[in-house]
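Report on the following structure.
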Amino acid sequence: MDITDQQWHEEQRRVDGVVGKMDQQIHQLSLEVGDVKSEVVDIRTHFWDDVKVYMGTADDMGETYTSLKQQVEMLSERERSHRLAYSSLKKLARMVKSPYFGRIDFEEEGTQDKAAIYLGIASFMDEDDQTFLVYDWRAPVSSLYYDYPPGPAAYDTPSGEIKGEISLKRQYVIRDGRVSLMFDTGVTIGDELLQQVLSRSSDAQMKSIVATIQKEQNQIIRNDRSRMLIVQGAAGSGKTSSALQRVAYLLYKNRETLQADQMLLFSPNPMFNSYVSTVLPELGEENMQQTTFQQYLESRLGREFQLEDPFIQIEYVLSAPEDEAYVARTTGIRYKSSTSFLAVMDAYKLWLEQQGMIFLSIRFKGREVVSARKIRQQFYSYKSSVRLANRVVLLRDWLIKEVIAFEKAERSMPWVDDEIELLDADDYRRAFKEQQRVHKDESITFDDADVEKEYLARMVVHEKLKPMRRRIKQLRFIGIRALYRQLFEKEGLFASLAGGEQALPEYWDEISKQTTGRLEQSELAYEDATPFLYLMELVQGFQTNTSIRHVIIDEAQDYSPFQLHFLKRLFPRCRMTALGDVNQGIYAHASALGENDPIAKLYGVEETELIRLMRSYRSTREIVEFTRGMVAGGEEIMPFNRSGEKPQVVVAEDREGLHDGIVADLQTLIAENYDSIAVICKTANESADVYAALQHRLPLLLVTKQTSSFEKGVQIIPSYLAKGVEFDAVLIYDGSAERYRRENERKLFYTACTRAMHLLHIYSLGQPSPFITSQAGDSFDLLQLQVNV
């Protein structure tokens, strides 16, 4: 339905009125923030001037405590008022240029009142008549806008379902207080608004999508039933955006019980953390915690081992020759990431409860304080019914007692006299102070030489044994590395735990040799890091995190079933949202979104929900129709109706011609104001070579695994680091059959191509990849690069 000039003017008058009231509140809040800040500064400056300090009697001390408590409470209240006022001021400053984006007219069943409900990124109330001029997009009534066309509709509230009729749904684009676009629509989000949003250049950071949330995305955002919510979505379907809006929604709905620092995002790489860092602040929420799984592994194991990261592993998989060592390694990667290996580790723990524990002797100055044999005997003297980790705690306490006995005997050893002779004046003063503190008597002195020597000997020995006690408390008397190595070295052990020789993976001997060889060098392959840490936890007791209430796992297809099981144990109280695309599973290990979906079994069917997003919004129709033919089930991927150029496949005869063609292409795209352009290479090594070859010809940015922020411009980037981000234009550096021919490279190539929003050009040094030539001939343009003579 066309909007009349009168309706347009009425809507603009309303915008003007709302903006005017916002300006008034901004002015009032600015004054309030300034006044309260001055009060806070004044209270802090003169804090002790207003506190009455009396320490004479118990009553005096009580009065002092009361005075101090009142002053602290007053300061806390003023600081809290300042934070709230400042937060409201920031929210209004974000809203005033674009106060809302949508409207629904809703008449509740059984009433005659038709309410016009306007939606924005936050609520705004008219302070004069206490009515809402704008509703927060997360409010219960706002779900009507996302879930229903005009007609019968309903929404849930804490008191039950409200039914009624939507008579109007209107969408706006408001810029600087002016209505620049407005239309009525019968669907969730009109194509006109989505077209405008999706046709823009990509940003260096992801933006909020609250104005363009689709019905299926709204189901993800408002889902608060499931312990595990799995979002399986096609490339560009809005998985990550929906998850971040979900975080904002959960913080809004549970604001009394849930804080941003109780939510944790596991992202694919540090650059991605930067890319999504502005979404929640845009919506007036604090950012949640963000990390990568590799960063967590480094925090737990990085001091003892040189850890391989997933990017080094994938470089090996993509670059190494296919000899026996390569096949054994990739076979080992798949096996060690599987639930079969997890079952072996659990069986190993039961076996260790009966036999096979390995301990390290406790030594001091080259002497054995407690032998490994004695520690082992003590460990297996405990009742077999006591769990392994509990026995370790008992053993730790026993060892502390052994050290105490050793410490007493050690005080008379000759080396102690030598150490006493080396003490300086500060050491003596510290000893006196400590003696006075222990005996609570400041009059104590060391007049007796024997008393002095006895105390100094006690101090010296205690100090020297601190590292030993610390190692014992940290359970470092357990040979975890030796226990893990034992799995691969002890004849017949692994086979018996796995269920027989037939259960062993192929190339088991070579896998074992590779594993033990790296352990000897204090290295852990990426596929070994989680199992090693899991074994450590089984033996020492799990270090769980009960403060985290919700975990978001992005690119979940890149996690193994073993890793997902470990995360479940690590965060026992949390809910999870896992986002992924099985067609972008680029790593060699088994995927949690792979066969039989082990991720769906993590919490059981009753507590798990799966939502599929099959419409792709990122890329043009032509790019989606080209790329979806590369992967299994691609016919289910639906492109959004936004047209553009067909993908181009450009064949070059030699490397120099390839570089000339890419440089000319980039220069044209820069002149046409494409803001973000990616030259996607297969590996990091190839990226470095391309950067070195082209950097003198035009401005380039080289993205590596250390890159911490996403920037605009022309980026040279490895395929696996481009996951999760998008670019206005993508140039595949060499999409030839030589570079992309193996079946395990299909998803990698698909992932690289689906990073493009508006334009995709694939360069090929010789014959194009079969992943290209197997597509319908009319889905791309094939060009032969002209050689300049």
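Treat the numbers as computed from the prediction; the structure is a model and nothing was measured. All residue numbers in this chain count up from 1 along the given sequence.
- Between the side chain of Arg741 and the main chain of Glu738, a donor-acceptor pair closer than 3.5 Å is present.
- Aromatic pair Tyr720/Phe311: centroids less than 6.0 angstrom apart.
- Between Phe771 and Tyr740, the distance from one ring center to the other does not fall under 6.0 angstrom.
- The CG atom of Leu613 sits 6.0 Å away from the CD atom of Glu216 when rounded to the nearest 0.5 Å.
- The pair Glu686-Arg739 counts as a salt bridge, with a side-chain nitrogen and a carboxylate oxygen less than 4.0 angstrom apart.
- Separation of atoms CG (Asp781) and CD (Glu645) is listed at 8.5 Å; rounding is to 0.5 Å.
- Counting heavy atoms from C-beta on, the side chains of Phe626 and Lys646 never come closer than 4.5 Å.
- Between Phe293 and Tyr559, the two ring planes are perpendicular [angle over 60°; tilted spans 30° to 60°].
- In this structure, Glu510 contributes its side chain and Ala325 its backbone to no donor-acceptor pair below 3.5 Å.
- Classification of the Phe341-Tyr484 ring pair by plane angle, with boundaries at 30° and 60°, yields perpendicular.
- One N or O on the side chain of Gln715 and one on the backbone of Glu711 form a donor-acceptor pair closer than 3.5 Å.
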So Arg755 and Arg618, side-chain contact (heavy atoms from CB on, under 4.5 Å) or not? Walk me through it.
-> CA-CA 8 Å; Arg755 301 307 93 198; Arg618 173 188 298 139; 3.4 Å; yes
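- Between Phe532 and Phe305, the gap from one ring centroid to the other is short of 6.0 Å.
- For Asp728 (side chain) and Tyr674 (main-chain N/O), no donor-acceptor pair under 3.5 Å exists by modelled atom type.
- Here the OG1 atom belonging to Thr577 is positioned 7.5 Å from the CG atom belonging to Asn223, to the nearest 0.5 angstrom.
- Each of Asp734, Val679, Ile662, Ile732 was checked for a side-chain contact (heavy atoms from CB on, under 4.5 Å) with Tyr763, and the lone residue meeting it is Ile662.
- Figure legend: cation-pi geometry between Lys568 and Tyr603, with NZ or CZ positioned under 6.0 Å from the six-membered ring centre and within 45° of its axis.
- No hydrogens or angles considered: nothing links the side chains of Lys601 and Thr339 as a donor-acceptor pair under 3.5 Å.
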Any chance you could lay out the side-chain contact (heavy atoms from CB on, under 4.5 Å) test for Leu579 and Ile220, step after step, and finish with the verdict?
-> CA-CA 11 Å; Leu579 322 163; Ile220 296 166; 5.5 Å; no
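- Note that the OG1 atom of Thr516 and the CD1 atom of Ile511 stand 12.0 Å from one another [nearest 0.5 Å].
- Here CZ of Arg742 is found 15.0 Å from CZ of Phe749. Values are rounded to the nearest 0.5 Å.
- A distance-only check finds a donor-acceptor pair linking the side chain of Arg746 to the backbone of Met630 [under 3.5 Å].
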Test His659 against Tyr733 for side-chain hydrogen bond (donor to acceptor under 3.5 Å, both in side chains), laying out the working first.
-> CA-CA 9 Å; His659 289 174; Tyr733 172 71; 2.7 Å; yes
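- With salt bridges taken as basic N to acidic carboxylate O contacts below 4.0 Å, one links Glu527 and Arg329.
- Looking at Glu622 and Ser643, their side chains come closer than 4.5 Å, going by heavy atoms from C-beta outward.
- More than 12 heavy atoms of other residues, nucleotides or ligands shown are found within 6.0 angstrom of CD on Gln695.
- Salt bridge annotation for Asp581-Lys239: absent, with no cationic side-chain nitrogen under 4.0 angstrom from a carboxylate oxygen.
- Note that SG of Cys753 and CZ of Arg628 are 15.0 Å apart. Values are rounded to the nearest 0.5 Å.
- Across Ser242 and Ile221, no two heavy atoms sit closer than the pair O-CG1, 3.4 Å.
- Within a 6.0 Å sphere centred on CD of Glu506, heavy atoms belonging to other residues, nucleotides or ligands number 12 at most.
- Side-chain atoms of Thr707 never come within 3.5 Å of backbone atoms of Ser709 as a donor-acceptor pair (strictly under, hydrogens ignored).
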side-chain contact (heavy atoms from CB on, under 4.5 Å) between Val247 and Glu285: does it pass, once the steps are laid out?
-> CA-CA 9 Å; Val247 170; Glu285 301 290 352; over 6 Å; no
Show your working on side-chain hydrogen bond (donor to acceptor under 3.5 Å, both in side chains) between Gln217 and Gln219 and close with a plain yes or no.
-> CA-CA 5 Å; Gln217 294 168 337; Gln219 293 174 354; over 6 Å; no
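- Counting only distance, with no hydrogens or angles, the side chain of Ser619 and the backbone of Ala756 share a donor-acceptor pair below 3.5 Å.
- No donor-acceptor pair under 3.5 Å is formed between the side chain of Ser319 and the backbone N or O of Tyr316.
- In this structure, Glu523 places its CD atom where more than 12 heavy-atom neighbours from other residues, nucleotides or ligands lie under 6.0 Å away.
- Ion pairing between Lys705 and Glu315 fails under the 4.0 Å rule for side-chain N and carboxylate O.
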Evaluate the criterion side-chain contact (heavy atoms from CB on, under 4.5 Å) for residue pair Thr704 and Tyr691; output intermediate values, then yes/no.
-> CA-CA 11 Å; Thr704 70; Tyr691 179 75; over 6 Å; no
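- With hydrogens and angles ignored, the 3.5 Å screen pairs no side-chain donor or acceptor of Arg300 with any backbone N or O of Gln295.
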